[in-house]
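Here the structure is laid out as structure tokens; the discussion comes afterwards.
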Amino acid sequence: MAQPLPTCHSIPHPGGTVRLVQLTDTHLCKAQGGKLLGMDTDHSLQAVIDLVQLERPDIDLLLGTGDLSDQGAMEAYRRLQEYFARLTAASCWLPGNHDDRANMELVADSPLRLCREIRLGCWQVVMLDSQVPGEVGGRLGPQELALLQAALGAAAGQGLYSLVCLHHQPVPIGCEWLDEQMVADAADFFAVLDRFPGVRGVLWGHVHQQVDRLHGNIQLMASPSTCVQFAPGSAGFKADALPPGYRWLDLHEDGSLHTGVSRVHGVSFTVDLDSGGYL
Ligand SMILES: [Fe+2]
């Protein structure tokens, strides 16, 4: 049965390397200056954006991979849009468990903002929704998996390479409390990916820490939050003292992908490291 194709947006690109930046888990509160575990998430996001401006001034696309607000408030998405606009690149969002997709759509001032497929040069970026309303954990479900298959099939027909983005982790990352929340139908997700050799990367948020792994030829990547970090290898909830950061990705014409993480240094942040929980 033919699957519906997602709405696709093409961003004009002169050729050569496609340069992306991922900003994830910004957790902006309804009121400016609101805090998560003692950290002012507006302040930390702006410090990360300052760093991106310094280190990666020429990017083609900015990816916001969920938990962009802390409670789904429209005010948070409005400020996010203003902050992201400081970087002149187009930006695209997907929802996390803390987000309200309807409010994101109401605030979005561009059809690109919540689109599901973007094409630039030799690359396709697919934006999936792993949110299960009312739950912390993630699941894609038949509709998202069908969208993924249709998008990857269309890209394969045109010789494009693919980067697939979502909020929740599709593999266990070694934190027991977070791994209870991983994508419930991850086996079905990888079964789709494995049919398309042009898929070169899977990128997510949610875990507030850097992860770099391989699944065959596919790079699996998780990234620091722009606010509070979670401690790797923790059985229960544990915050980490590492500073806020972001991930950059260079997508080359030959299908290779280079990536790295950069963190803010020289700025003081407050974080409650003894907190036993995270709402
Ligand atoms: Fe988060």
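Order of appearance sets the numbers: ligands from 1, and atoms from 1 within every ligand.
Partners of M182 according to the side-chain contact (heavy atoms from CB on, under 4.5 Å) rule, which considers only residues two or more places apart in sequence or in another chain, are Q169, P172, A186.
The Fe ion (ligand 1) has an N, O or S atom of H27 under 2.8 Å away, backbone or side chain. Taking 2.8 Å as the threshold, H98 does not count as a candidate ligand of the Fe ion (ligand 1), since none of its N, O or S atoms lies below it.
At distances below 3.5 Å, at least one donor-acceptor pair connects side-chain atoms of Q131 with backbone N or O atoms of D99. Side chain of D60 to backbone of L20: no donor-acceptor contact under 3.5 angstrom is found.
With hydrophobic clusters built from ILVMFWY side chains whose heavy atoms lie under 4.5 angstrom apart, L80 does not share a cluster with M127.
Looking at D25 and the Fe ion (ligand 1) together, the shortest N, O or S contact belongs to OD2. Closest approach between the Fe ion (ligand 1) and any N/O/S atom of D67 involves OD2.
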